[in-house]
Visitor: 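Quick one: this structure, given as structure tokens, is what I'll be asking you about.
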Amino acid sequence: MTLAAQVKHAAYDALRHLYPDTPIDMNTITVNQTKPEFTGDYTIVLFPFLKLLRQKPDAIGKQLGDHLLENTSIFASYDIVAGFLNLTIKDSYWVSFLLGHHTRTDFGQQMKTDHRVMVEYSSPNTNKPLHFGHMRNIFLGAAMAEILRADGKQVIKANLINDRGIHICKSMIAWQHYANGATPESAGIKGDHLVGDYYVKFNDIYKEQVAALIAQGKDEKTAEKEAPIMAEAQDMLRKWEAGDKAVRDLWETMNNWVYRGFDESYKKMGITFDKVYHESETYLLGKKIVEDGLAKGVLFRKEDGSVWVDLKADGLDEKLLLRGDGTSVYITQDLGTAKLKYDDYKLDRSIYVIADEQNYHLQVLKLIMKKLGEPCADGIYHLSYGMVELPTGRMKSREGTVVDADDMVSEMVRLAQEQTEAAGKTEGFSGDELAKLYETIGLGALKFYLLRVDPRKKMVFDPKESIDLHGFTATFIQYAHARICSILRREQLPLVPDATRFQSFKQAEPISINEKEMLVQLEQYPAILADAAAEYNPASLCNYAFKLAQTFNTFYDVHSISKAESEEKKDLRLMMIIMTASILRHSMGLLGIRMPEKM
RNA sequence: GGUCCGGUAGCUCAGUUGGAUAGAGCAUCAGCCUUCUAAGCUGAGGGUCAUUGGUUCGAAUCCAAUCCGGAUCACCA
């Protein structure tokens, strides 16, 4: 149980004992961390009891404080300030906390349960390379998967590749017309970028054709429908669904180019998956689900043969599930995938990391599954995140403002190198070590930048700010970690000492304010981690780790560790910084950010 | 227009189930390296928590209305 919870329970027991005739609800007890300007560690708010007990705050505070001091072992003293009971925790509590946990590398982690969770993220289309918007998705999904795993869940990291549909056909058509058989090898371009180039080409041609038709006097809608290249793409989609060999072969070839490109990008980003789904393998199941729904009478068919679901009773509209020509739409394949995921793993929860522009889509998906009586429906959870925007507004591929993922990673690594060299911190490293360090810093900065904001909020990507390695950044945290490692090297201690090293530690001197600040934060890590899991919010880990690093830096400035006032103080501080480094590694590790031992 | 999300310092963001004088980072200004890594530390300035009303001992937080911004309401994915 966390310290804050212990305080709350102690207060509850005390109040019940002191006022047996007045029932007190646990929820009326508020325990906060004491503000730094007051003496104490944790504060019980007395106001809620005034009316209940018909006494003045000072009187209640005194009785409660006295009782807590006499009947529990964790409090050293108390202080009442205007309705707040500030409690100071005994130094011995902190000492035993340190002795009990400083050798752990998994402090904060929960026991494994059999609760099964799938986290789906990345989920790219195979018609263009990954861009900056994907990166928020990818890092968020990967971080959430690790956080949930640390929270005791059985986690399956899944990638759903959107490998079929009209968008792929567009790239294929343009490639057929304009590529002269170019391959990634012959063109010297990464496969995903090559295919993406032809998707762009398609759109250019399409726009030209529409413009030409409008010039001939057609209205916009008709022009969009009649553009010949679009008709070709649609024809190709039908052939694909019919299993046309030539189309399937080209499709396979081009997709494989893209996969090799993606794999390279994922590898660079340090991203892995446990399971990969392809929509080409699930859309038929989706169609089957629709047909079953039709048979059950949950869905209905219109005159043109298209199939719909009526969601008016749920405040939504009618939604198309199959086109008149029998081809499936976006949501059709999602129905199949949702069921398949559930059947594969018997999931308690299935998390979709998808941008908030698809809130409606996910709502519809869950609703349809529920209507169809599929058991997977209840577990569907949309982890909806806000879009990444530039200071000038939304990124638009049309205007060429989309930031490419591969470029972004190399740029950040390059900047890490530039700034490390400028700071003159390259001595004592081999070439390989430096390359690894730049990657650790650059990639860490990027991940942290994208994860430090509450995922639900849309965020602004300011290129100028993202390259800053000062302040609220991964670099700041990495630096604190490297400082700790440096001290441990000097003391000839491993990052995690064995349990006998501080076994005979006996506390003699009082804990200082700066020491206490660190201890309070160290103790809170398990609660922060549990909260990040419960709220699906990696940003709280970013905030916590930054604060911990900040507190360490101040502590480091105020107190010498190697030259502490006494051997006893030195040991105490060594245990503290060992634990600090372990928690920084653990928390940032969940976000996929490495902590260097030297920088 | 319907639905959903958001509005906190010049900028980017924190702010637990309502609790003490609303906090960080960046930017600006002033200090701190003969002492464990200055990618650091200390301090200063900077706020009508969009607005108005309500609930209460107490509201950035809860409720209502209004204003502003965004997303979505496709036989695109």
Side-chain angles (χ1 to χ4, degrees), chain A residues 4 26-30 32-35 37-38 43 45-48 50-51 57 81-84 86 123 125 127 162 165-168 170 234 279 304 306 308 315-317 319-325 327-331 333-334 355-361 363-364 384 386-387 389 391 394 416 419-420 422-423 425 441 449 452-454 456-462 464-465 468-473 475-476 478-480 482-491 527-528 531 535 539-540 542-543 546-547 549-550 552-554 556-564 573 577 598-599:
Chain A
M26 195 71 154
N27 293 325
T28 60
I29 303 174
T30 304
N32 294 326
Q33 207 182 314
T34 306
K35 303 259 177 216
E37 55 268 36
F38 301 100
T43 296
V45 184
L46 300 173
F47 294 107
L50 305 190
K51 246 186 207 167
V81 183
F84 296 91
N86 298 329
S123 307
N125 293 352
N127 63 333
N162 196 342
I166 191 76
H167 53 293
I168 317 300
K170 289 178 182 176
Q234 271 154 359
E279 290 198 343
D304 64 354
S306 57
W308 297 72
L316 304 174
D317 208 348
K319 184 89 189 163
L320 176 88
L321 299 181
L322 278 181
R323 295 190 186 97
D325 65 4
T327 57
S328 55
V329 291
Y330 181 42
I331 197 149
Q333 43 208 24
D334 277 353
D356 62 8
E357 58 184 358
Q358 296 200 38
N359 286 354
Y360 177 73
H361 175 76
Q363 197 188 345
V364 169
S384 169
M387 309 287 283
E389 294 178 3
R394 225 175 140 166
Q419 297 191 35
T420 305
K425 301 208 169 199
I441 295 174
Y449 185 83
R452 68 186 197 180
V453 181
D454 185 327
R456 284 169 282 275
K457 292 193 174 182
K458 70 177 179 200
M459 64 173 290
V460 175
F461 165 62
D462 186 342
K464 275 199 297 252
E465 196 192 332
D468 191 352
L469 303 183
H470 302 265
F472 187 26
T473 61
T475 315
F476 181 96
Q478 289 168 330
Y479 184 64
R483 277 178 146 180
I484 293 174
C485 293
S486 170
I487 298 169
L488 296 179
R489 270 195 302 275
R490 167 183 282 252
E491 296 299 324
I528 300 286
D531 186 67
E535 300 292 323
S540 47
C542 293
N543 282 305
F546 174 66
K547 255 189 257 164
Q550 215 176 21
F552 165 76
N553 278 332
T554 301
Y556 175 91
D557 203 58
V558 174
H559 293 305
S560 176
I561 290 127
S562 297
K563 294 181 183 159
R573 289 173 191 165
I577 64 168
K598 227 166 77 176
M599 67 186 282

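On a predicted model such as this, the values are computed, not experimentally measured, just so you know. What you see below is based on every heavy atom in this structure, not just the backbone, and it leaves out hydrogens, waters and symmetry mates. Below, read A as the first sequence line, B as the second, and so on, with proteins coming before strands; counting in each chain starts at 1.
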Visitor: For nucleotides A27(B) and A39(B), find the distance between their P atoms and express it as a whole number of Å.
Guide: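 Their P atoms lie roughly 15 Å apart.
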Visitor: Kindly say whether the aromatic ring centers of F84(A) and F47(A) come within a distance under 6.0 Å.
Guide: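 F84(A) vs F47(A): aromatic centres under 6.0 Å.
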Visitor: Is there a side-chain contact between D356(A) and R456(A), using heavy atoms and a 4.5 Å cut-off?
Guide: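 Answer no - side chains too far apart.
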Visitor: Could you check if a side-chain atom of E389(A) sits within less than 4.5 angstrom of a side-chain atom of M459(A), using non-hydrogen atoms only?
Guide: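 No; the side chains remain at least 4.5 Å from each other.
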Visitor: I want to check something: taking the side chain as every heavy atom from C-beta on, are R483(A) and Y556(A) in contact at a cut-off of under 4.5 Å?
Guide: yes
Visitor: Tell me, do N86(A) and K35(A) make a side-chain contact under 4.5 Å, heavy atoms counted?
Guide: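 Of all side-chain heavy-atom pairs linking K35(A) with N86(A), none is under 4.5 Å.
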Visitor: Using O4'-C1'-N9-C4 for purines and O4'-C1'-N1-C2 for pyrimidines, with syn meaning within 90° of 0, is C5(B) syn or anti?
Guide: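 Anti, since the glycosidic angle lies more than 90° from 0.
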Visitor: Between A64(B) and C5(B), how many Å separate the two P atoms, rounded to a whole number?
Guide: 12 Å
Visitor: Which value, in whole Å, describes the distance between the P atoms of nucleotides A22(B) and C26(B)?
Guide: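 22 Å, rounded to whole Å.
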Visitor: Let me see the working for N32(A) and T43(A) under side chain to side chain donor-acceptor pair (under 3.5 Å), right down to the final yes or no.
Guide: CA-CA 5 Å; N32(A) 294 326; T43(A) 296; over 6 Å; no
Visitor: Polar-atom pairs under 3.5 Å, protein N or O versus N or O of nucleotides 33-38 of chain B: list them with distances, or write none.
Guide:
| from | atom 1 | to | atom 2 | distance (Å) |
| --- | --- | --- | --- | --- |
| U35(B) | O2' | K563(A) | NZ | 3.4 |
| C36(B) | O2 | I561(A) | N | 3.2 |
| C36(B) | O2 | S562(A) | N | 2.9 |
| C36(B) | O2 | S562(A) | OG | 3.3 |
| C36(B) | N3 | I561(A) | N | 3.0 |
| C36(B) | N4 | Y556(A) | O | 2.3 |
| C36(B) | N4 | H559(A) | O | 2.5 |
| U37(B) | OP1 | S486(A) | OG | 2.4 |
| U37(B) | OP2 | S486(A) | OG | 3.2 |
| U37(B) | O2' | Y479(A) | OH | 2.5 |
| U37(B) | O2' | R483(A) | NE | 2.7 |
| U37(B) | O2 | K425(A) | NZ | 3.2 |
| U37(B) | N3 | M599(A) | O | 2.8 |
| U37(B) | O4 | M599(A) | N | 3.1 |
| A38(B) | OP2 | R483(A) | NH2 | 2.4 |

Visitor: Would you please name every residue forming a salt bridge (Lys or Arg N to Asp or Glu O under 4.0 Å) with D325(A), sequence neighbours left out?
Guide: R238(A)
Visitor: Could you pick out which residue, L469(A) or L316(A), lies toward the 5' side of RNA chain B when each is mapped onto its nearest nucleotide?
Guide: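 Closer to the 5' end of RNA chain B: L316(A).
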Visitor: Would a line drawn from the ring center of Y330(A) to the ring center of H361(A) be shorter than 6.0 Å?
Guide: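 Yes - the distance between ring centres of Y330(A) and H361(A) falls below the 6.0 Å cut-off.
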Visitor: Counting primed atoms plus P, OP1 and OP2 as sugar-phosphate and everything else as base, spell out the protein contacts along nucleotides 70-77 of chain B at 4.0 Å heavy-atom distance: B, S or - for each nucleotide, 5' to 3'.
Guide: SSSS-BSB
Visitor: I'd like to check H167(A) versus N162(A) (side-chain heavy atoms, cut-off strictly below 4.5 Å). Are they in contact?
Guide: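 The answer is yes; the side chains approach within 4.5 Å.
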Visitor: For A50(B) and A60(B), measure between their P atoms and round to the nearest Å.
Guide: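 These two P atoms come out 10 Å apart once rounded.
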Visitor: Base, backbone or nothing for each nucleotide of nucleotides 16-29 of chain B, written B, S, -, heavy atoms under 4.0 angstrom, 5' to 3'?
Guide: -B-BB---SSS---
Visitor: Provide the distance between the two C1' atoms, one in C49(B) and one in A9(B), to the nearest whole Å.
Guide: 10 Å
Visitor: Give each stem of RNA chain B as a range with a range, requiring at least 3 consecutive Watson-Crick or G-U wobble pairs whose two distances are under 3.5 Å.
Guide: B:1-7 with B:67-73, B:10-13 with B:23-26, B:28-32 with B:40-44, B:50-54 with B:62-66
Visitor: Would you check if the side chain of R323(A) reaches a backbone N or O of V329(A) as a donor-acceptor pair within less than 3.5 Å?
Guide: no
Visitor: Taking G58(B) as the reference, what is the distance to G43(B) when you measure between their P atoms (whole Å, please)?
Guide: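 The same atom, P, in both gives a distance of 34 Å.
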Visitor: Under 30°, 30 to 60°, or over 60°: which ring-plane class applies to F461(A) and Y449(A), parallel, tilted or perpendicular?
Guide: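 The arrangement is perpendicular - the two ring planes meet at more than 60°.
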Visitor: Could you measure between the two P atoms, the one in G69(B) and the one in C62(B), and give it in whole Å?
Guide: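 Comparing P positions in G69(B) and C62(B) gives a spacing of 23 Å.
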Visitor: Is a donor on one side and an acceptor on the other found under 3.5 Å between the side chain of N125(A) and the backbone of N127(A)?
Guide: no
Visitor: Applying side-chain contact (heavy atoms from CB on, under 4.5 Å), name anything that partners T554(A), two or more places apart in sequence or on another chain.
Guide: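 Applying side-chain contact (heavy atoms from CB on, under 4.5 Å) to T554(A) gives N514(A), V558(A).
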Visitor: Just by modelled atom types, is the F472(A) backbone N or O under 3.5 Å from a matching donor or acceptor in the R452(A) side chain?
Guide: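 Present.
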Visitor: Pick the C1' atom in G47(B) and in G23(B), then give their distance to the nearest Å.
Guide: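 About 12 Å, rounded to a whole number of Å.
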Visitor: Pick the closest RNA chain B nucleotide for Q419(A) and for K51(A) by heavy atoms, then say which residue is nearer the 5' end.
Guide: Q419(A)
Visitor: CZ of R456(A) versus C1' of G7(B): gap in Å, rounded?
Guide: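 Atom CZ in R456(A) sits about 17 Å away from atom C1' in G7(B).
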